[in-house]
Amino acid sequence: MLVYGDRPRSRAPGEVLADLRRQLAEAEALPAGILWHTALARLLIDAGMLAQGLLDVRYEQEGHDEQGPEQERALALPLAVARALWESHRSGYFVRSALPWEALEALERASLPDSVTLKTPEGYAYYALYPEAYMEAARGLPDGRAARVIGIRSIGTSLACAVAAGVGAVLAPMTVRPGGHPFQRELRLGPGVEAALRRSERGTPFAIVDEGPGLSGSSFGAVADTLERAGVPVEQLHFFPSHGGEPGPMASEAHRVRWRRAHKHTVDFERLFLSPNESRHALASWVEDLCGTPLAPLEDLGGGGWRREHFSREEDWPAVHVQQERRKYLLRTGRGLFLLKFAGLGSRGEHALERSRELAEAGWGPGVLGLRHGFLVYRWEAESTPLEPTGFDRRELLERTGAYLAFRVRHFTRSGGGHGASPERLLEMGRHNTREALGEEWVRSWSRWEEQLARLSAELNVVETDGRMHPWEWLVRPDGALLKTDAVDHHDAHDLIGCQDVAWDIVGASVELGLEQGELSEQVSRRGPRAVSSALPRFYRPCYLAFQLGHHQLAFQSLASQVPAEAERLRAAARRYARALERELAAG
């Protein structure tokens, strides 16, 4: 099934450096504390992305990864920020270090390419992966100051700096970009890197740093293969992954055996922030100025746990992919109930905060109090209930949904297009998922859209779409007012859809809420700045169904052996979308 995708961005290095200079100036004005620490984390992420982009340019130019002054200069800024972040973390946010202006200025003076391709560090954006966890894990590395730290790009760039800072490594980290088939990655190294590896003293620990392992663990495996060929014994290999599990089902047997034998270093989120040794590290302490002193431990609402609060019967629970849900916690204080939801480290969280405030001020979203180190703080809507479309006045639901989507068009338009799947990509996804789920005979129905792709592209007015119009994503307040929850970041999620025309949400509301598609388009056209295309909703409808089918089918397969009850909900949902897709394709 085609469901996932990334959207790399091309930027001029000078623009990124100007943004980093602005961030340094803003951080300079902050006292020690969680806000200072949050600013450092954003600097590390953005400086790491720039270093990744610069190193990837050199990789493409030279055909291999190299080690030398240019590489060290690119990593000097994120490494210096990582050291400041580590000092802040291990002091309980009391220590405020000098900021690395010299490292920034060295990059500003350097000869840089016209543009770099920046790739989203998915762990920071979606999965609450914190660089501090790698710093803490690095404490378990023996003889760490002598370690050779090797980061796997993309996210391994900044994570390698985090590990190097955590162990106080004397040598700067190096990074590599594994290439080739996703399940059989290989390295291409230049003579400088190979010489550096050969110069390593006997017994030197090698720290291999990345998120994952995923389906195959082949990126970790590629680095370890290279080191073993260079004569490094497995006893000197130290993996720094994002979880304590093994590589997925596509891993080679040789990689599995080595993974079990090699040292692995992880510190999970719960140990780091939910039951930490230092109370100031506790998630609840980050938000105490906003919410007050906790009266009880945080209640975990992630992994679908929020359904316990909204549905009296488990049989009414909607299907969710519990492994991919954002972390969410319910906090009880003397001031009331609050929802702490992970929205992304760095600029991701800042953007989510901005959107949350706009939605709340317009009456569309729950009240938001602020952002603390990746977590948005909302007031918990204890008296509100999930929307039940059949029990809500249909005309009012139509008008309110139309007004909400028109608001998004007016306020969340992406100038210049934005990042989302093109009609060509959506057509490819629709065909592929249809073939996988329904069979080849149904694929021919997609051919009617081939000649319309140019017209569809021309009619796009791209917005930050909601992407989740399901009834349980709406709350009804006691006075009957509708609130839209989880409405700030699905346009930039870890899937291939991305930003689309508002017609995508019109189709979503039609499918999920049972609203008439044409009437809803009229509502949005009347309330918004422009008329909705008549062709786009017709094209989007089978695409939406094929995407939801693929998403739920993949989630079912992932959870079938681990969470059988959840998997059954997902399989039932996949079947509903499959039947709807059949009807849509048959209608032509």
Side-chain angles (χ1 to χ4, degrees), residues 126-128 269-270 273-275 282-284 286-288 290-343 352 356 359-360 363-372 374-392 466-490 512-513 552 555 559 563 565-570 572-573:
Y126 312 124
Y127 303 121
F269 183 93
E270 286 74 17
F273 296 132
L274 298 187
S275 55
L283 172 57
W286 302 351
V287 302
E288 198 163 325
L290 300 175
C291 307
T293 304
L295 298 178
L298 294 175
E299 182 180 344
D300 188 356
L301 299 185
W306 55 270
R307 295 171 296 185
R308 295 190 302 268
E309 302 293 326
H310 284 311
F311 296 92
S312 58
R313 303 187 311 163
E314 189 170 331
E315 52 263 40
D316 295 330
W317 286 7
V320 298
H321 193 337
V322 296
Q323 292 178 333
Q324 292 188 348
E325 281 220 323
R326 300 292 184 99
R327 287 186 175 272
K328 305 178 186 72
Y329 300 95
L330 186 63
L331 171 64
R332 302 173 188 272
T333 77
R335 300 181 193 174
L337 294 176
F338 303 90
L339 175 68
L340 313 182
K341 179 189 174 184
F342 182 75
S356 295
L359 288 163
W364 290 116
V368 60
L369 281 73
L371 175 75
R372 292 293 182 271
F375 277 83
L376 283 172
V377 183
Y378 292 102
R379 295 195 181 277
W380 180 253
E381 294 282 334
E383 302 301 319
S384 300
T385 57
L387 171 66
E388 176 50 63
T390 58
F392 203 89
D466 181 294
R468 295 292 188 277
M469 302 299 290
H470 307 71
W472 55 86
E473 302 279 359
W474 296 80
L475 292 177
V476 183
R477 281 180 165 163
D479 63 1
L482 278 179
L483 286 183
K484 186 64 183 65
T485 68
D486 207 12
V488 299
D489 54 15
H490 289 300
E512 309 299 349
L513 303 179
H552 286 83
L559 299 179
V563 195
E566 199 65 61
E568 282 305 308
R569 294 188 191 96
L570 290 160

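On a predicted model such as this, the values are computed, not experimentally measured, just so you know. What's counted below: heavy atoms across the whole structure, side chains too, no hydrogens, waters or symmetry copies. For this chain, numbers begin at 1 and follow the sequence in order.
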So that I can tick it off, tell me whether [Y] and [X] are bridged by a salt bridge, with the cut-off set at under 4.0 angstrom between side-chain N and carboxylate O.
| X | Y | answer |
| --- | --- | --- |
| E383 | R477 | no |
| R327 | E270 | yes |
| E314 | R308 | no |

At what distance, to the nearest 0.5 angstrom, does [atom1] of [X] lie from [atom2] of [Y]?
| X | Y | atom1 | atom2 | result |
| --- | --- | --- | --- | --- |
| S384 | L482 | OG | CG | 10.0 Å |
| R307 | R313 | CZ | CZ | 14.5 Å |
| H490 | M469 | NE2 | CE | 11.5 Å |
| R335 | T293 | CZ | OG1 | 7.5 Å |
| L570 | E568 | CG | CD | 9.5 Å |
| H470 | E512 | NE2 | CD | 3.5 Å |

Please find the pair of heavy atoms, one from [X] and one from [Y], that lie closest to each other, and give the distance.
| X | Y | answer |
| --- | --- | --- |
| P294 | E288 | CD-OE1, 4.4 Å |
| Y127 | F342 | N-CE2, 4.1 Å |
| F269 | A128 | CD1-O, 3.9 Å |
| A360 | G367 | CB-CA, 4.3 Å |
| L331 | A284 | CD1-CB, 4.4 Å |
| G480 | F392 | O-CZ, 3.9 Å |

Has K484 got a side-chain atom pairing as donor or acceptor with R468's backbone, closer than 3.5 angstrom? yes
Look at the side chain of T333 and the backbone N and O of C291, then say whether any donor-acceptor pair between them is shorter than 3.5 Å. yes
Chi angles and distances behind the side-chain contact (heavy atoms from CB on, under 4.5 Å) call for V377, V368: CA-CA 6 Å; V377 183; V368 60; 5.8 Å; no
Within the structure provided, determine whether [X] and [Y] are in side-chain contact (heavy-atom separation under 4.5 Å).
| X | Y | result |
| --- | --- | --- |
| Y329 | L339 | no |
| D489 | R326 | yes |
| W380 | L330 | yes |
| E381 | P366 | yes |
| L376 | L340 | no |
| W364 | L483 | no |
| L475 | T385 | no |
| L513 | L387 | yes |

Compute the ring centroids of W286 and F273, then answer whether they are less than 6.0 Å apart. yes
Go through it in stages, so that I can follow the logic: the residues are W474 and H310, the test is ring-ring contact (aromatic ring centres under 6.0 Å, His included), and I'd like the CA-CA distance, side-chain angles, deciding distance and then a yes or no. CA-CA 11 Å; W474 296 80; H310 284 311; over 10 Å; no
Tell me, with the steps shown, if R569 and H552 meet side-chain contact (heavy atoms from CB on, under 4.5 Å). CA-CA 9 Å; R569 294 188 191 96; H552 286 83; over 6 Å; no
Take L337 and R379 through the test side-chain contact (heavy atoms from CB on, under 4.5 Å) and record every step on the way to the result. CA-CA 6 Å; L337 294 176; R379 295 195 181 277; over 6 Å; no
Given side-chain hydrogen bond (donor to acceptor under 3.5 Å, both in side chains), test W306 with E325 step by step and report yes or no. CA-CA 11 Å; W306 55 270; E325 281 220 323; 3.1 Å; yes
